[in-house]
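None of the values given here were measured: they were computed from a predicted structure.
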Amino acid sequence: MWPGDSTDNLPVQPPSGLDMDNDHYADSVSSSSPSDSPAASSPLTSPDLSEDGFDIDRSPSPLGGREQEAGSPKFTLVIGGLGYIGSHTVLELLREGHNVIIVDNLSNSYQTILDSIKTLTAKHCKANGRRMPLIHFHRLDYRSRSMRFLIESYTDLVMSIDGSGRQRMTYQSRIEGVIHFAAYKSVEESIRRPLQYYQNNVCGLVSLLQQLDKYNIHNFIFSSSATVYGSKANTGEPLRESDLIHHAEERVDESTGERIVTQPSAVGLSCPYARTKYFSEAILADVAAANPAWRIVALRYFNPVGCDPSGLLGENPRGEATNLYPVLTQVLTGQRERLNVFGTDWATRDGTAVRDYIHVLDVARGHISALGWNGDRGGTGFRAFNLGSGTGTTVLEAVRSLEAASKRTVSLDWAGRRPGDVGVCVASTERASKELGWSPRESVAQCASDLWNFVERTLGLQQQQQQQQHSVKV
């Protein structure tokens, strides 16, 4: 378990006033455990926490202990911050000097991830002569009543002047921005358990937004998905953010000068998971339209892969892997006999389907860029951005990239197309480049190299543990 302070060390409480999923190569049910060891339980089962109780771990700078917290430091709150994308985003935030509050109920992540984040952050800060940012970890479910207490504990009461010139007390939070990853994300499980997905992904989001609004926290980054494009992916053209909008948009045709109004529409959302992401985006767009104080960004991921080059952080799926690269690593390590390649007659350069794979660190950097977004030119406070490579990689090219990184051969089974599959699904990243100043840095080869580094390190640790257990028995 984590070494942690008691809740008495919280700040003084003021008076009251979460990838294009058609990359799936197998069906699976995600599992969860509150401990450091995997367990065969559903991510819908939270750890054994009381409704209002939570664990807390605080890591102040070694250069000054709690003195560093003087002057009401500002924080970025990351909900679901120990998951695959969340942990890499937390790491990049810390490397950029942000103080971070992590909220995670450990239903689909491990506590050891926090140690890895601290180790990598300390190494980075030492190498660059920087002070270690603050890292606060709260083990709780973001839907519980504890979340209100947590947000309140990072809030100060300050005097302000209202529109009539009178003084009044108002909330001023030390949380500058919120990044929300805490959504259930298994396509297959969402079909079997839709109510749980709507309750967590949609109802939980609404409750969270109400709490943030109460304490004047209005900078919000939402973890969305390319699944919101639905069957629009079937066109084979790069997907643009304008292919899925939530309010009517007007533009001028450059060739004719004609004003064109586009109405919102959603087509072919194939599973409850995709619909929860679409509904959540629609809610966020409505909230921003109703209150100009909000600055909300929805980041539509395509297929995040890879991991931090250190090998300390990576994707460790519980239960059966579903996406291409984790399945490939299982074939390479002997956990599976071969990879099924679905479709060899697509109109692509080698006949296999094209998907948009993006390094998880590029995705993490996209969140940092999004925190600085200040509203679009139309005056609305909601904006969606694709996070993808913008180029596309065939299944066979992905296989070859991991073969090159591992110096091993992947056994393949050639199969027919699956119902609902599309030949090409690639992001347009023009908007993110122009408006966020973000563009992907890492190649598919780098994704494969970093992923294999993580796999080899994990296998080495497992072998060491087995040897130690054998020595104890002997």
Q) Between Ser186 and Tyr197, does a side-chain contact (heavy atoms from CB on, under 4.5 Å) hold up when you go through it step by step? A) CA-CA 9 Å; Ser186 167; Tyr197 270 66; 3.3 Å; yes

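- For an aromatic pair to be called close, the ring centres must be under 6.0 Å apart, and His138 with Phe149 fails this.
- Although no hydrogens or angles enter the test, the distance criterion places a donor-acceptor pair under 3.5 Å between the side chain of Asn128 and the main chain of His124.
- In this structure, a donor-acceptor pair under 3.5 Å is present between the side chains of Arg143 and Asn200.
- In terms of the side chain to side chain donor-acceptor pair (under 3.5 Å) criterion, residue partners of Glu403 (sequence neighbours excluded) are, by chain and number, Arg400.
- Seen from the ring of Trp438, Arg365 does not count as a face-on cation partner, given the 6.0 Å and 45° thresholds.
- In the displayed structure, Lys74 atom NZ is contacted under 6.0 Å by more than 12 heavy atoms of other residues, nucleotides or ligands.
- Within the 4.5 Å cutoff, the side chain of Ser428 has no heavy atoms near those of the Leu239 side chain.
- The shortest side-chain heavy-atom distance between Leu205 and His180 falls under the 4.5 Å cut-off.
- His98 and Phe75 have their aromatic ring centers separated by at least 6.0 angstrom.
- Ring to ring, Phe382 and His247 are not that close: their centroids are 6.0 angstrom or more apart.
- Contact of the Trp346 side chain with the Arg417 side chain is registered, since non-hydrogen atoms from C-beta on lie closer than 4.5 Å.
- A donor-acceptor pair is defined here as one N or O able to donate and one able to accept, closer than 3.5 Å; no such pair exists between the side chain of Ser433 and the backbone of Thr429.
- Remark: Val287 pairs with Leu209, Ile283, Trp294, Ile296 by the side chain to side chain contact (heavy atoms under 4.5 Å, CB included) rule, at least two apart or across chains.
- Salt-bridge formation is detected for the pair Arg174/Asp156: a Lys NZ or Arg NE/NH1/NH2 atom is positioned less than 4.0 Å from an Asp or Glu carboxylate oxygen.
- Glu281 has no carboxylate O lying under 4.0 Å from a charged side-chain N of Lys277, or vice versa, which leaves the two without a salt bridge.
- Annotation for Leu134 and Leu94: closest pair O-CD2, 4.0 Å, computed over non-hydrogen atoms.
- Using a 4.5 Å heavy-atom threshold, the side chains of Cys125 and Pro133 count as touching.
- Inspection of the Glu152 and Tyr171 side chains reveals no N or O donor paired with an N or O acceptor under 3.5 Å.
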Using the side chain to side chain donor-acceptor pair (under 3.5 Å) rule, take Tyr357 and Ser389 through it: C-alpha gap first, then chi angles, then the decisive distance, then the call.
-> CA-CA 6 Å; Tyr357 297 101; Ser389 68; over 6 Å; no

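- Every residue two or more places apart in sequence or in another chain that forms a side chain to side chain contact (heavy atoms under 4.5 Å, CB included) with Val178 is listed here: Leu77, Ile79, Ile175, Leu212, Ile217, Phe220.
- No salt bridge links Glu241 with Arg300; every basic N to acidic carboxylate O contact stays at or beyond 4.0 Å.
- Side-chain contact between Asp450 and Asp308 is absent, with no heavy atoms from C-beta onward closer than 4.5 Å.
- Counting only heavy atoms from C-beta outward, the side chains of Leu371 and Leu93 approach each other to under 4.5 Å.
- The shortest distance between side-chain heavy atoms of Arg431 and Arg240 does not fall below 4.5 Å.
- Here His367 and Phe385 keep their ring centres 6.0 angstrom or further from each other.
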